[in-house]
Enquirer: 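I have a structure I would like to understand better, so I am pasting it below and will then ask my questions one at a time.
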Amino acid sequence: MPEEPKKIIIDTDPGIDDAMAIFVALESPEVEVIGLTTIYGNVYTTLATRNALHLLEIAGRTDIPVAEGSHVTITKGTKLRIADFVHGTDGLGNQNFPPPKGKPIEQSAADFLIEQASCYPGKVTVVALGPLTNIALAIQSDPEFIKNIGQIVILGGAFAVNGNVNPAAEANIFGDPDAADVVFASGADVLAVGINVTHQVVLTDADREKLAMSNGRFAQYLCKILDVYYSYHHDAYSTKGVYLHDPTALLAAVNPSLVTYTEGVVRVQTIGITRGLTLFYNKQKRFGEVTEWSDKPSIKVAVTVDAPAVVNLVMERLMNS
Ligand SMILES: O=c1[nH]cnc2c1ncn2[C@@H]1O[C@H](CO)[C@@H](O)[C@H]1O
């Protein structure tokens with residue numbers, strides 16, 4: 001008997017690499033996308049919702065519900081950091097696409113996550129591609145959520161490397177550090193895929209040309225929006241291509257053997273100049289005193305990735321769409 005596809009909910013702030021991850025997910029027979037939930041990050045939440053609906057319309061998958069997420073951090077901070085300089089002011093490469101026809105469902109993202117996890121206990125994977133506010137809200141409002149949810153795969157953190165917002169912090173954790181700390185310390189089955197791993201996965205200029213030459217409809221669509229993402233990388237890094245952050249995390253959920261991981265306790269700095277720093281305790285030393293890491297549950301933190309396999313899968317699935 002073939003295995004039933006894994007149910008996934010993508011929590012997303014689309015975003016160019018989010019669009020790529022969503023399309024790869026829709027082309028992955030190993031998973032069934034049962035919903036998108038939206039969050040601020042690359043754009044504000046209202047625009048994230050609009051873009052999520054738009055991407056599903058492009059894909060002809062308006063059967064998939066979109067639940068709108070929080071407009072503020074869990075501490076109700078309203079001064080958000082929005083990465084429009086990475087993705088364009090519309091989040092999708094400044095293309096001025098027409099507004100979507102569809103609407104989000106009535107339920108909030110957190111309520112949708114809670115409901116789906118309780119409908120299919122242990123069976124739903126959340127792939128979190130933005131700040132972790134919605135997931136933290138679900139954890140805080142339903143004590144059963146961490147038991148009901150299968151796994152939470154997070155694109156976030158910079159483990160023992162510099163961040164991408166500043167030397168300390170990666171963008172998704174920096175977006176809501178308090179929420180990230182709640183999620184990491186919750187006891188849920190969490191796999192964090194940080195930029196220490198995703199910076200190994202590069203889509204080159206040559207790959208992009210191959211996408212452009214293919215007849216894949218998702219490949220064609222993405223080539224329209226990729227310019228802004230490429231020029232940002234060109235200016236900010238010396239890498240010849242773009243980092244596949246969100247598609248890597250998505251594929252780690254689809255096929256866990258693409259990454260290796262270690263286990264330990266992760267806490268997040270929530271104040272000061274290192275706000276958003278993710279600090280991993282490997283449990284090798286038994287400290288004499290009680291620390292802020294003592295008695296906290298371990299999570300999985302990705303260490304290596306089969307980068308060529310991830311790039312190949314992304315290319316194949318987009319070109320064959
Ligand atoms: O330099 C950056 N600043 C802010 N956000 C970024 C930057 N580079 C990429 N991303 C976005 O944040 C996530 C990875 O941290 C990715 O989702 C990417 O789209």
Side-chain angles (χ1 to χ4, degrees), residues 10-25 36-45 47-48 51-52 55 69 73 79-94 126-135 153-177 179-180 183 191-203 222 225-239 241-253 266 268 275-278 301-302 305 310 314:
I10 306 177
D11 188 69
T12 175
D13 54 343
I16 295 169
D17 58 330
D18 298 73
M20 223 183 242
I22 291 167
F23 289 155
V24 170
L36 302 184
T37 54
T38 64
I39 192 62
Y40 59 83
N42 296 325
V43 291
Y44 286 99
T45 304
L47 187 49
N51 288 350
L55 292 168
T73 66
K79 194 172 165 291
L80 307 176
R81 178 181 182 276
I82 300 300
D84 53 1
F85 50 90
V86 182
H87 302 272
T89 46
D90 65 352
L92 295 173
N94 291 329
V126 182
V127 181
L129 303 179
L132 295 168
T133 319
N134 294 331
I135 326 285
V153 178
I154 292 167
L155 181 265
F159 297 93
V161 297
N162 275 163
N164 57 4
V165 170
N166 60 44
E170 180 279 330
N172 287 343
I173 306 300
F174 188 82
D176 194 347
V183 176
L191 168 66
V193 181
I195 59 174
N196 47 304
V197 163
T198 59
H199 278 185
Q200 297 168 44
V201 189
V202 175
L203 193 77
L222 287 168
I225 71 172
L226 271 168
D227 261 351
V228 172
Y229 199 54
Y230 267 82
S231 21
Y232 169 74
H233 281 72
H234 186 80
D235 294 343
Y237 300 97
S238 39
T239 316
V242 296
Y243 296 129
L244 292 184
H245 302 288
D246 295 347
T248 302
L250 183 277
L251 284 169
V266 174
V268 181
R275 182 172 156 83
L277 178 82
T278 42
V301 175
V305 59
V310 170
V314 168

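Numbering of ligands and ligand atoms starts at 1, following listing order. The figures that follow rest on heavy atoms only: side chains count, while hydrogens, waters and symmetry mates do not.
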Enquirer: Which residue and non-hydrogen atom of the protein lie closest to atom 15 (O) of ligand 1, and at what distance in Å?
Expert: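 Scanning the protein heavy atoms, the shortest distance from atom 15 (O) of ligand 1 goes to Glu170 OE2, 2.5 Å.
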Enquirer: Name the option, out of Asp18, Val242, Asn164, Ile173, that contains the heavy atom nearest to atom 10 (N) of ligand 1.
Expert: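 It is Asn164 whose heavy atom sits nearest to atom 10 (N) of ligand 1.
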Enquirer: Quick test: of every protein heavy atom, which one is nearest to atom 5 (N) of ligand 1, and how far off is it to 0.1 Å?
Expert: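 Here the nearest protein heavy atom works out to Ala171 CB, 3.3 Å.
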Enquirer: Find all atoms of ligand 1 within a distance of less than 4.0 Å from any non-hydrogen atom belonging to Ala83, and give their numbers and elements.
Expert: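 With Ala83 as reference, the close atoms of ligand 1 come out as 4 (C), 5 (N).
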Enquirer: For the residue pair Pro131 and Asp13, establish whether any side-chain heavy-atom pair is separated by less than 4.5 Å.
Expert: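 When only atoms from C-beta onward are counted, Asp13 and Pro131 do touch, with a gap below 4.5 Å.
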Enquirer: What residue and atom, counting heavy atoms only, is the protein's closest point to atom 4 (C) of ligand 1, and at what distance?
Expert: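 So the nearest neighbour among protein heavy atoms is Arg81 NH1, 3.3 Å.
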Enquirer: What residue and atom, counting heavy atoms only, is the protein's closest point to atom 17 (O) of ligand 1, and at what distance?
Expert: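 Checking every protein heavy atom, the shortest distance to atom 17 (O) of ligand 1 gives Asp246 OD1, 3.1 Å.
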Enquirer: Using only heavy-atom distances, determine whether the side chains of Asp11 and Thr37 contain a donor-acceptor pair under 3.5 Å.
Expert: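 Yes.
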Enquirer: Work out which heavy atom in Asn42 is nearest to a heavy atom in Gly15; give both atom names and the distance.
Expert: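 That closest heavy-atom pairing would be ND2-CA, 3.7 Å.
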Enquirer: Looking only at heavy atoms of Asp17, does any of them come nearer than 4.0 Å to an atom of ligand 1?
Expert: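 Asp17: in contact with ligand 1 (<4.0 Å).
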Enquirer: Taking all non-hydrogen atoms of both residues into account, name the closest pair between Ala48 and Val43 and its distance.
Expert: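 Smallest heavy-atom distance, with atoms named: N-CG2, 3.5 Å.
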Enquirer: Identify, for atom 11 (C) of ligand 1, the protein heavy atom at the shortest distance, and state residue, atom and that distance.
Expert: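 Checked against all protein heavy atoms, atom 11 (C) of ligand 1 sits closest to Asn42 OD1, 3.7 Å.
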Enquirer: Any side-chain to backbone donor/acceptor pair from Tyr229 onto Tyr243? Under 3.5 Å, distance only.
Expert: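 Yes; judged by distance alone, with no hydrogens or angles, the pair exists.
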Enquirer: Within the 4.5 Å heavy-atom criterion, are Phe159 and Asn196 side-chain neighbours or not?
Expert: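 Yes, side chains in contact.
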Enquirer: Counting heavy atoms only, which of Tyr243, Tyr229, Phe85, Tyr232 is nearest atom 2 (C) of ligand 1?
Expert: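 Minimum heavy-atom distance to atom 2 (C) of ligand 1 goes to Tyr232.
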Enquirer: Looking at side-chain heavy atoms only, is the closest gap between Leu129 and His245 below 4.5 Å?
Expert: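 Leu129 does not reach His245 side chain to side chain.
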